[in-house]
Amino acid sequence: MANTPQAKKRIRRNTRRAEVNGARVSRIRTFIKAVESALLAGDKGAASEALKLAQPELQRGVARGVLHKNTASRKFSRLTKRVSSLA
């Protein structure tokens, strides 16, 4: 249990940051799922548009510190590869 005022404040702050960061990661996942659902449907136009919307979200996650830079690059690369492979 936290004893010092600073430790109590850190607990409050960490709880709030966890909520905000969870919302950010959830938002990123939603954009990625939009790309994947367009891929499953076989719609290259919709998939490429969704990919264009997902890329800034991934980069924003990196800038905010909720995703590692290499993780975002890997996800974007794999999605790009799958979109470009559609006939």
Side-chain angles (χ1 to χ4, degrees):
M1 185 65 199
N3 291 322
T4 64
Q6 182 62 31
K8 291 175 184 174
K9 182 178 178 180
R10 291 287 285 198
I11 290 170
R12 289 194 309 268
R13 197 213 57 182
N14 289 346
T15 303
R16 175 64 184 141
R17 295 316 306 166
E19 288 177 14
V20 171
N21 289 339
R24 285 184 177 139
V25 172
S26 176
R27 181 177 165 88
I28 291 167
R29 279 197 205 112
T30 301
F31 277 86
I32 290 172
K33 284 178 188 173
V35 178
E36 290 176 344
S37 64
L39 284 167
L40 286 176
D43 189 354
K44 186 168 185 171
S48 62
E49 283 301 313
L51 186 64
K52 285 180 188 174
L53 295 174
Q55 196 268 339
E57 289 297 323
L58 283 165
Q59 292 303 319
R60 196 168 296 124
V62 171
R64 301 284 190 256
V66 295
L67 280 180
H68 192 273
K69 178 177 66 170
N70 293 351
T71 301
S73 294
R74 183 182 67 244
K75 287 181 184 294
F76 186 68
S77 173
R78 288 177 181 173
L79 287 173
T80 304
K81 194 180 203 180
R82 287 174 63 193
V83 169
S84 64
S85 71
L86 278 178

- request: Assess whether side-chain contact (heavy atoms from CB on, under 4.5 Å) is satisfied between Gln6 and Arg10, documenting all intermediate values.
  value: CA-CA 6 Å; Gln6 182 62 31; Arg10 291 287 285 198; 3.8 Å; yes
Taken to the nearest 0.5 Å, the spacing of Leu51 CG from Glu49 CD works out to 9.5 Å
Worksheet item: Ser77 side chain to Ser73 main-chain N or O, any donor-acceptor pair under 3.5 Å?
Response: no
Between the OG1 atom in Thr30 and the CZ atom in Arg27, the distance rounded to the nearest 0.5 Å is 8.5 Å
Practice problem: Look at the side-chain heavy atoms of Ile, Leu, Val, Met, Phe, Trp and Tyr, link any pair under 4.5 Å apart, and say whether Val20 and Ile11 land in one connected group. | Solution: no
task: Dump the intermediate steps for side-chain contact (heavy atoms from CB on, under 4.5 Å) on Thr71 and Arg74, then the final yes or no.
output: CA-CA 5 Å; Thr71 301; Arg74 183 182 67 244; 3.6 Å; yes
>> Please check this pair: side chain of Ser26 against backbone of Gly22, looking for a donor-acceptor N/O pair closer than 3.5 Å.
In response: no
So OG1 of Thr80 and CD of Gln55: to nearest 0.5 Å the spacing works out to 8.0 Å
Closest heavy-atom pair, Ala38 versus Ala46, reported as atoms and distance to 0.1 Å, is CB-C, 3.9 Å
Tightest non-hydrogen contact, residues Ala72 and Val62, listed as CB-CG2, 3.4 Å
Smallest heavy-atom separation, Leu53 atom then Pro56 atom, equals O-CD, 3.4 Å
Q. Is there a path of hydrophobic side-chain contacts, each under 4.5 Å between heavy atoms of I, L, V, M, F, W or Y residues, that connects Val35 with Phe76?
A. yes
Scanning both residues in full, the closest heavy-atom pair of Gly45 with Ser48 reads O-OG, 2.9 Å
Correct closest heavy-atom pair for Leu39 and Ala47 would be CD2-CB, 4.2 Å
If you apply the rule side-chain contact (heavy atoms from CB on, under 4.5 Å), what do you find for Arg12 with Lys9, and how did you get there?
CA-CA 5 Å; Arg12 289 194 309 268; Lys9 182 178 178 180; 3.7 Å; yes
Distance col, row Gln59:CD vs Lys69:NZ, nearest 0.5 angstrom, shows 10.0 Å
Rounded to the nearest 0.5 angstrom, the CZ-CZ distance for Arg17 and Arg64 is 9.5 Å
Practice problem: Kindly check if the number of other-residue, nucleotide or ligand heavy atoms within 6.0 Å of CZ (Arg13) is above 12? | Solution: yes
Output for pair (Lys75 NZ, Ile28 CD1), nearest 0.5 Å, gives 9.5 Å
Q) Any Lys/Arg nitrogen of Arg60 or Glu57 sitting under 4.0 Å from an Asp/Glu carboxylate oxygen of the other? A) yes
* Asked: With the 4.5 Å side-chain cut-off for hydrophobic clustering, are Leu86 and Ile32 part of the same group?
  -> yes
